[in-house]
Undergrad: 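Here it is, the structure, as structure tokens.
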Amino acid sequence: MINLVLFGPPGAGKGTQSEKLIQKYGFVHISTGDLFRWHTKNETPLGKRIKEIMNSGALVPDEITIAMLKEELDKNPHAKGFLFDGFPRTVPQAESLDTFMKGNGTAIHYIIALDVTEDEVRTRIAKRRTMENRVDDEEEKLNKRITEYFTKTIHVLPFYEQQGRLHTVHGIGSVDEIFLNICKIIAQRYYS
Ligand code: AMP
């Protein structure tokens, strides 16, 4: 079993790289952003609770996010491995993730951050907005989401770095080139 966390600001290419990694390694993909979007779209009780927060581009409180993540893990007891996309975004989320993994007799084996500049991210999101019609990607929310990444989520990286667990991949280049660099990291220490 291998478990991987993929970091990067909105628009860094996490979605694209996640798809390729899932295809290659058979991960169960856990994207908290996708899960939250599903809840708001389907107007579940959780969706109604987080709709305003999502629309503003702010982070959903840890308590709600961690509970949803745990539920998702419990739904997949036979997973070959998990790819976490958009989680953790805070240190308490990172600590909870380690605890959950340990509780299941496993660990997070790879923490990979896609290194992309703020300018590149803005350009990529603007392109995606015209293609996907994602409500939370509207212009005024974009700033908020990027700010959340660079002011909050970014602080999770030293948490992992101090433990010698963080790998950084240059996030500018072709999709295949970036994918190859991620695969090289996984190949260094492959867990079966
Ligand atoms: P994403 O598609 O990953 O950028 O997530 C879209 C939105 O979902 C974010 O702007 C947050 O409002 C919320 N969200 C997703 N993942 C998390 C998380 N780990 N912690 C808090 N909020 C999250």
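For the single chain, residues carry numbers from 1 onward in sequence order. For ligands, and for the atoms within them, numbers begin at 1 and follow the listed sequence. Computed from heavy atoms alone, side chains included, the values below leave out hydrogens, waters and symmetry copies.
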Undergrad: Test of understanding: given a 4.0 Å heavy-atom threshold, classify the contact between Arg37 and ligand 1 as side chain, backbone, both, or neither.
TA: side chain
Undergrad: If we set the cut-off at 4.0 Å for heavy atoms, which region of Leu59 has an atom near ligand 1: side chain, backbone, both, or neither?
TA: both
Undergrad: Applying a 4.0 Å heavy-atom criterion (strictly less than), which segment of Ala58 is in contact with ligand 1: side chain, backbone, both, or neither?
TA: backbone
Undergrad: From atom 18 (C) of ligand 1, work out which of Met54, Arg89, Lys14 has a heavy atom at the shortest distance.
TA: Arg89
Undergrad: Donor-acceptor pair, distance only, cut-off 3.5 Å: does the side chain of Thr40 make one with the backbone of Phe36?
TA: yes
Undergrad: Measuring from atom 22 (N) of ligand 1, which candidate in Ile66, Val156, Leu97, Val60 has the nearest non-hydrogen atom?
TA: Val60
Undergrad: Keeping the roles fixed (side chain from Thr106, backbone from Met101), state whether a donor-acceptor pair exists under 3.5 Å.
TA: no
Undergrad: Which of the atoms in ligand 1, numbered in the order shown and given with their element, are less than 4.0 Å from a heavy-atom of Gly86?
TA: 16 (N), 17 (C), 18 (C), 19 (N)
Undergrad: Is Glu148 close enough to touch ligand 1? Criterion: a residue heavy atom under 4.0 Å from a ligand atom.
TA: no
Undergrad: Not counting sequence neighbours, which residues clear ring pair (Phe, Tyr, Trp, His ring centres under 6.0 Å) with Phe27? List them please.
TA: Tyr25
Undergrad: Is a side-chain N or O of Asp34 found less than 3.5 angstrom from the main chain of Ile30, in a donor-acceptor match?
TA: no
Undergrad: Enumerate the atoms of ligand 1 whose separation from the nearest heavy atom of Thr65 is less than 4.0 angstrom.
TA: 18 (C), 19 (N), 20 (N), 21 (C)
Undergrad: Name all residues meeting the side chain to side chain donor-acceptor pair (under 3.5 Å) criterion together with Lys41; count only those two or more places apart in sequence or in a different chain, and write none if there are none.
TA: none
Undergrad: What atoms in ligand 1 come closer than 4.0 Å to a heavy atom of Phe87?
TA: 19 (N)
Undergrad: Once rounded to the nearest 0.5 Å, what's the spacing between atom CG of Leu35 and atom CG of Asp85?
TA: 10.0 Å
Undergrad: Gln93 heavy atoms, cut-off 4.0 Å: which ligand 1 atoms fall inside?
TA: 18 (C), 19 (N), 20 (N), 21 (C)
Undergrad: Would you compute the distance between atom NE2 of His29 and atom CD of Glu19 and round it to the nearest 0.5 angstrom?
TA: 8.0 Å
